Amino acid sequence: MNTWRNASLAVTAAALLTLTTACGQEQGTASPNGQAVGNAAPARQPAESGYGSSGGGYGSGADAPAPKAAGQLAVQDSRKLGKVLTDSEGFTLYRFDKDTAKPPKSNCDGDCEKAWPVVPAGDVTAAAGTDASLLGEVVRTDGSKQLTVDGWPMYRYAKDTAPGQTNGQGVGGTWFAAAPDGKKAAAGADRGEQAEPADAAGLSVRKDPELGDIVVDKRGMTVYRFTQDSAWPMKTACSGECLKKWPVVAPVSKNSVEGVTKKGFVTFDRPDGIKQQTIDCWPLYTFAGDEKPGDVNGQGVGGTWFAVSPDSDLVKTAK
């Protein structure tokens, strides 16, 4: 009798363990084919997320580069990001979510500063047509003065190697191109549309005339799943160049979800350090080729990317 009971308890415990670890976040995955996929998940690069060592070939033992004056600021129109603030040479300026604006304070120094060079406060002129009173400065821990816009410290990104690049957008889920008013750059903001913070995307349901009910983020942009990913255990097969085409859906509060399943509603700590929302343990993405709410240009791309139903299933056929 005891033997049977012990065996029964062991089976029950094993089943419970399986349920509690079903979303196990294993790091690393096999590299799929190259079509619209990108590379297999790389090792985490802490400095790009603002957490420490610079990674990315910047030389963790090297000194941070000397700050370069911004000069005459300018505003660049980006199809994806709207109006973006740049320095006099056209290089994008960024802000860091772990900084504060009230009061102004920079929390990026040491190795972080090597990947995200600070913009010094001296020799700066407001961009034409912008509010010059928003420009200010903050004294850093080393005594130097850093440019602020509406209180937010400004940085460049070391991997932007040419004017107009925005390679730092969304890195680590904490770095974003700056708009002329110091907010996060967002397409449509200059037209009076409400720009939502990237860390509160929200999820809801939209009825598409061809696909039926599909999940959208708080901007109304279609949400997608990638068939090369895995939910059991949780893995990603989209990283590096792939993420430029398929940005992750940032973590969402359950309180901002309407009509979408909350089963397996967890944050995925990706191997590259980016935090990603999941439903039913499946990682979620948007598509850079969708320019406005209602677009479903990512549907069926490469035979591996599909819109998502409110129950987290792939939507592969028209309704």
Side-chain angles (χ1 to χ4, degrees), residues 22-23 32-33 35-38 79-82 169-170 173 186-189 191 193-232 234-239 242-268 270 274-319:
C23 279
N33 65 66
Q35 184 175 12
V37 174
R79 189 188 69 172
K80 289 193 256 185
L81 300 177
Q169 177 68 12
R191 298 191 297 271
E193 299 175 16
Q194 182 65 34
E196 298 294 341
D199 57 355
L203 294 175
S204 60
V205 180
R206 179 179 68 82
K207 185 172 288 294
D208 184 84
E210 295 184 1
L211 300 177
D213 289 343
I214 59 175
V215 179
V216 296
D217 69 10
K218 202 166 187 177
R219 300 169 298 147
M221 305 303 288
T222 303
V223 169
Y224 298 89
R225 270 181 44 193
F226 184 33
T227 60
Q228 298 292 333
D229 285 351
S230 167
W232 312 85
M234 194 184 302
K235 292 182 182 180
T236 178
C238 179
S239 59
C242 176
L243 290 182
K244 294 182 180 179
K245 294 182 179 179
W246 302 93
V248 306
V249 173
V252 177
S253 167
K254 283 188 176 182
N255 294 331
S256 68
V257 175
E258 297 180 0
V260 179
T261 181
K262 295 181 182 178
K263 176 184 176 183
F265 193 90
V266 298
T267 297
F268 178 25
R270 295 167 50 90
I274 299 173
K275 294 184 182 296
Q276 182 174 13
Q277 183 61 52
T278 73
I279 54 175
D280 200 17
C281 301
W282 285 101
L284 302 178
Y285 307 81
T286 54
F287 181 45
D290 287 345
E291 297 183 4
K292 63 184 183 302
D295 284 352
V296 288
N297 298 319
Q299 178 68 6
V301 168
T304 54
W305 292 92
F306 298 95
V308 184
S309 77
D311 293 327
S312 86
D313 293 331
L314 297 174
V315 179
K316 290 190 174 182
T317 57
K319 299 297 182 184

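Numbers here are sequence positions counted from 1. Since this is a predicted model, take the numbers as computed values, not measurements.
- For Asp311, the side chain to side chain contact (heavy atoms under 4.5 Å, CB included) partners are Ser309, Asp313, not counting sequence neighbours.
- For Lys263, the salt bridge (charged side-chain N to carboxylate O under 4.0 Å, His left out) test picks out Asp280, with sequence neighbours left out.
- Closest of all the heavy-atom pairs between Lys316 and Gln299 is CA-NE2, 4.0 Å.
- For Tyr224, the side-chain hydrogen bond (donor to acceptor under 3.5 Å, both in side chains) partners at least two apart in sequence or on another chain are Asp290.
- Asp229 places a side-chain N or O within 3.5 Å of a backbone atom of Ala237 that can act as its donor or acceptor partner.
- Within the structure, salt bridge (Lys or Arg N to Asp or Glu O under 4.0 Å) contacts touching residues 295-306 (residues at least two apart or in different chains) are Lys292-Asp295.
- A pairwise comparison of heavy atoms in Pro283 and Phe268 identifies CG-CD2, 3.9 Å as the closest pair.
- Listed by chain and number, the residues in a side-chain hydrogen bond (donor to acceptor under 3.5 Å, both in side chains) with Gln276 are Arg270 (sequence neighbours excluded).
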### Worked check of side chain to side chain contact (heavy atoms under 4.5 Å, CB included) between Thr236 and Phe226
CA-CA 9 Å; Thr236 178; Phe226 184 33; 6.0 Å; no
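- For Val216, the side chain to side chain contact (heavy atoms under 4.5 Å, CB included) criterion is met by Ser204, Arg206, not counting sequence neighbours.
- For Phe265, the ring-ring contact (aromatic ring centres under 6.0 Å, His included) test picks out no residue, with sequence neighbours left out.
- Tested against Gln277 for a side-chain contact (heavy atoms from CB on, under 4.5 Å), the candidates Val223, Val252, Val266 yield a single pass: Val252.
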### Task
In sequence, state the C-alpha distance, the side-chain angles, and the governing distance for Arg219 and Thr286, and then conclude on side chain to side chain contact (heavy atoms under 4.5 Å, CB included).
CA-CA 11 Å; Arg219 300 169 298 147; Thr286 54; 4.1 Å; yes
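- Considering all non-hydrogen atoms of both residues, Cys238 and Trp246 come closest at SG-CB, 4.2 Å.
- In plain terms, the two heavy atoms of Cys242 and Trp305 that are nearest each other are SG-CZ2, 3.9 Å.
- In this view, Pro310 and Val205, Asp213 satisfy the side chain to side chain contact (heavy atoms under 4.5 Å, CB included) rule, not counting sequence neighbours.
- Checking each of Thr222, Val260, Leu284, Val257 against Val215 for a side-chain contact (heavy atoms from CB on, under 4.5 Å) leaves exactly one that passes, namely Val260.
- Residues Cys281 and Met234 share a closest heavy-atom pair of O-CG, 3.5 Å.
- Among the candidates Val296, Thr227, Val315, the single residue satisfying the side-chain contact (heavy atoms from CB on, under 4.5 Å) test with Phe306 is Thr227.
- The shortest non-hydrogen separation linking Lys262 to Lys254 is NZ-O, 3.1 Å.
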